[in-house]
Amino acid sequence: MKKTIMALLAGLVMTAGAHAAYPDKPVTIIVPFPPGGSTDMVARIMTQKMSEKLGQPVIVENKPGATGAIGAAQVKRSAPDGYTILCASIGVWAVNPFLQKNLAYDPAKDFDLLTVAVKSPNVLVIHPSVPAKDVKELVEYLKLKPNKVTFPSSGAGSSDHLTAALFWMSTGTTGIHVPYKGGGPAIADLVAGHAEASFQNLNNVIGHIKAGKLRALAVTAEKRAALLPDVPTMVELGYKDVVVTSWQAFGAPKGLPTDVKKAIHEAMMAALKDPETSKKLTDPGFEVTASTPEEFAKFLQAELAKWKTVVEVGKVTLD
Amino acid sequence: MEILANLSLGFSTALSLANLFYCFVGVVLGTLIGVLPGLGPVATIAMLLPVTFHFQPVTALIMLAGIFYGAQYGGSTTAILVNLPGEASSVITALDGHAMAKRGEAGKALATAAIGSFIAGTIATFLIALFAPPLAEMALKFGPAEYFSLLVLGLAVSIVLAHGSLLHALGMIFLGLLLGIIGTDVNSGAERFTFGQPWLADGVNFVVLAMGMYGLGEIINNLEKKGTRDLMLKSVSGIRLSWTEFKHILPSILRGTAVGSFLGILPGGGAVLSSFAAYAVEKKLSKNPIPFGEGAIEGVAGPESANNAGSQTSFIPMLTLGIPSNPTMAIMIGAMMIHSIQPGPSVLTEQPALFWGLIASMWIGNFFLIVLNLPMISIWVKLITAPYHLMFPVIIVFCSIGVISINNTEWDVFMMAFFGFAGYLFSKLECEPAPMLLGFILGPMMEEYLRRALLMSSGDFSVFFTRPLSATLLAVAVVALVVVLLPSISKKREETFKE
């Protein structure tokens, strides 16, 4: 037994010493959500080109639980050798720290940030029965019916929940937040008219908008969405704070060797800039961002500051 | 005859060589993961999604759909043979299906499940072809209040699942409700009964509970009764269904199809109710001298048909409205988007070849499944006559692999072991696990819909009575409860008097 352990240790030391040969075994991307969601989709679309570039298989492993906290904490505890990478969403990177007590990771301190892979614009949609043609009329309607209009979201503490809180804060209005288990059922009740207004990923509602089942009032991105050129941004309408995009970003355990970090980042860029892979991402509505680690660090600080304010001022709690 | 033109477009798409091939691959894979306990279609489809990137969109969807309904088909096999339900719908199949297997009629039970599923699948496919858009509009009428009332009806009817002490059944339902509460509350996001442990934050997984209570509990039980089991299975009779038997179960199949087709359309989880509801219907209408729970063939035919019909009709909201009715449909929507198809009402008009091709492939897939599964039955039946000391370690290994594949965590295996001992204990106490699993499934859903309905009505309870659909469902629940309880109470009295 002892001998085996020694042999294993020796092996570990040797591989650590020989990291110039990175990668010499498969690379695992941990997705802290169940298979099939947006984050899982982004990771899986990217794996093929990444493995071509790295010359080793890249595998996606789903480690769901506690809105992504379990998987993120596992990556934090992994060896910083480049064989375990985290692909996670805005919630894991920028929202959980302010909502979950005893969170087992610190997004800004525990990871070597790699890249913000994609962003997707959110859009304010209402059921057509709501008597509002634009944001101004919706604000009036909300003021007329304080704490009466229902805003479904994909879950308590989700980015669409917080966007609604941000919207109420900026417009001085109120509403009822109705959490669901995921975006799908929330959109279903919105389309059916059981709920009235929501902030959703553009790609999840574009079909309903085009079919007239939902009315789009504004997009929350910095600029108008290519799919909805006639719909204004919240910034254009004078609500400068209401800028929210959903995003998926990659990180690795803190302390990655420089050359390994460079190799992974290059593989990710190769995947994101490959025309075929990039089409697979843009078709479902993602916008390829492919930022540098430095840009990601700056972006993360800004996002953390924004959501801290929303959680504190909007008094969002999970208990 | 627009429908004929549509169907011929569908079949000409689905019958192309590539589509036929991938339809076949899909249903074979689906059957396989259905048979293996714990492995589910959601994970399989997500993992195979990248493989389909280079396919035509319709080919990709045909294969992924095949995995989904193939898994529903395969799930009944392990439930019948080794009392191991891998998903909610097969819990019911295990009740009478496994009892039949113990009697030496495993082949008959498997044939019933296969034929029932095929007939149900065929009828449901035609329902989709003929009425998909209006059915989808109807499904949208179900809001939180309606779902809550539907679930009340489901729980009321669930009392019939008990074939034994009513008190024990009620106790188990409540235990299930309590177990269902563990985890993160949907409404507030607060954690309940997790003792601060992250591995409990998402609650107890259904598969973990079912594998433990049924699979492991059953194994401990069997090991205790050494010898008797092998004797029981030596007498494997009746591998085929006779024509009289087929005529006997046909009404059950048709009733199950009707119940399943309707509940499958509802996107808010009506599908999980379908096999329970069909079982309740059969138990009420059956004139079989064999009591339900002890191997009544209708108890396999009805729920299996309902479950398969429901899995087919659950495509309706996805295809016509772009609304996912279960996690598998959510991934299918993702697959459509990756192939540049916007899910929504426009799919029907803009992508007729895809819509009708997929529907036609479902019928072809069902045909493959029955051709594939009927000859397999004799092999399955031989498999369970294998010596038990060889079989039970294999079952435990597969259960553990299946359970670990859900969340990639060893805690789920420990929990399964815990529920295994609990299952053994409960069988000693003559408490059936089925009512507990029903409580476990329905409880959290009821809470979710109740609180959502009240949240939307600002706390006004009258929504449940003023909305006509909801009020009707509640009224039916009251009637059902009276009908169900009266005979069992009077029967109880009789029994007491006899003693």
Side-chain angles (χ1 to χ4, degrees), chain A residues 34-38 40-41 44-45 47-48 60-67 69-70 73 99 102 104 147-148 150 155-157 161 176-185 187-189 191-195 203-204 206-213 276 279-281 283-285 317-319, chain B residues 42-47 49-50 53 139-146 184-191 194 196 198-199 201-202 267-269 317 321-331 333-334 336-347 406-409 448 452-453 455-456 458:
Chain A
S38 293
D40 184 61
M41 210 195 269
R44 284 185 200 275
I45 291 174
T47 49
Q48 196 189 0
V60 172
E61 195 180 306
N62 300 88
K63 192 87 190 178
T67 42
I70 291 181
L99 288 176
N102 315 320
N147 276 321
K148 277 268 180 280
T150 48
H161 171 195
I176 305 175
H177 168 236
V178 187
Y180 285 74
K181 274 185 185 165
I187 294 170
D189 265 10
V191 170
H194 302 299
N203 46 344
N204 291 333
I206 183 75
H208 302 301
I209 295 170
K210 292 225 165 115
K213 301 266 176 193
E276 201 191 330
K279 188 177 178 316
K280 293 278 170 248
L281 289 167
D283 277 344
T317 54
L318 298 188
D319 48 33
Chain B
V42 179
T44 313
I45 292 176
M47 272 169 228
L49 193 53
F53 286 169
L140 286 185
K141 298 254 186 307
F142 270 70
E146 284 76 19
T184 309
D185 171 30
V186 182
N187 276 64
S188 63
E191 290 184 3
T194 61
W199 48 273
D202 293 309
L321 299 170
I323 286 172
S325 48
N326 55 46
T328 313
M329 292 303 134
I331 302 186
I333 285 183
M336 282 165 99
M337 293 200 296
I338 288 181
H339 284 103
S340 312
I341 296 162
Q342 288 301 340
S346 56
V347 171
I406 307 166
N407 285 333
N408 274 321
T409 167
E448 190 183 331
R452 187 172 296 145
L455 200 60
M456 288 178 164
S458 305

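No experiment lies behind these values; they were computed from the predicted model shown. Quick note: numbers below take in every heavy atom, side chains included, and nothing from hydrogens, waters or symmetry partners. Here is how names work: the chains are called A, B, and so on, in the same order as the sequence lines, proteins then strands, and each is numbered from 1.
For chain A, no part of B:Met329 is nearby; none of its heavy atoms comes within less than 4.5 Å. Residue A:Asp189 touches chain B through its side chain alone, counting heavy-atom pairs closer than 4.5 Å. Within the 4.5 angstrom heavy-atom criterion, no atom of A:His161 approaches chain B. Using a 4.5 Å cut-off between heavy atoms, A:Lys279 contacts chain B through its side chain alone, with no backbone atom that close. Within the 4.5 angstrom heavy-atom criterion, atoms from both the backbone and the side chain of B:Ala46 approach chain A. With a threshold of 4.5 angstrom between heavy atoms, B:Pro324 approaches chain A through side-chain atoms but not through N, CA, C or O. Only the side chain of A:Ile70 comes within contact range of chain B, judged by heavy atoms closer than 4.5 Å.
Among A:Asn204, A:Asp283, A:Ile206, the one residue that satisfies the side chain to side chain contact (heavy atoms under 4.5 Å, CB included) test with B:Met337 is A:Asn204.
Ranked by non-hydrogen atom pairs under 4.5 Å with chain A, the options B:Asp185, B:Leu140, B:Thr184 are led by B:Leu140. Per-residue counts of heavy-atom pairs under 4.5 Å with chain B were compared for A:Pro284, A:Gly65, A:Ala156; the largest is that of A:Pro284. When the candidates B:Thr409, B:Asp202, B:Val347, B:Thr328 are compared by the number of heavy-atom contacts under 4.5 Å with chain A, B:Asp202 comes out ahead. For the set A:Ile187, A:Asp40, A:Thr150, A:Ile45, the entry with the most heavy-atom pairs within less than 4.5 Å of chain B is A:Ile45.
Formation of a donor-acceptor pair under 3.5 Å by the B:Asn408 side chain with backbone atoms of A:Asn62 is found in this model. In this structure, A:His194 contributes its side chain and B:Ala453 its backbone to no donor-acceptor pair below 3.5 Å.
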Problem set entry | Pair A:Arg44-B:Leu49, side chain to side chain contact (heavy atoms under 4.5 Å, CB included): steps then yes or no | CA-CA 8 Å; A:Arg44 284 185 200 275; B:Leu49 193 53; 5.6 Å; no
For this session: Go through the steps for B:Ile323 and A:Val191 under the test side chain to side chain contact (heavy atoms under 4.5 Å, CB included), then give the verdict.
Result: CA-CA 9 Å; B:Ile323 286 172; A:Val191 170; 4.3 Å; yes
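Summarising the local packing, CD of A:Glu61 is surrounded by more than 12 heavy atoms from other residues, nucleotides or ligands at distances under 6.0 Å.
Residues A:Pro179 and B:Leu455 come closest through the heavy atom pair CD-CD2, 4.0 Å. Contact detail for B:Met456 and A:Ala195: the closest heavy-atom pair is CE-CB, 3.8 Å.
Between A:Asn147 and B:Ser458, the closest side-chain pair of non-hydrogen atoms is not below 4.5 Å.
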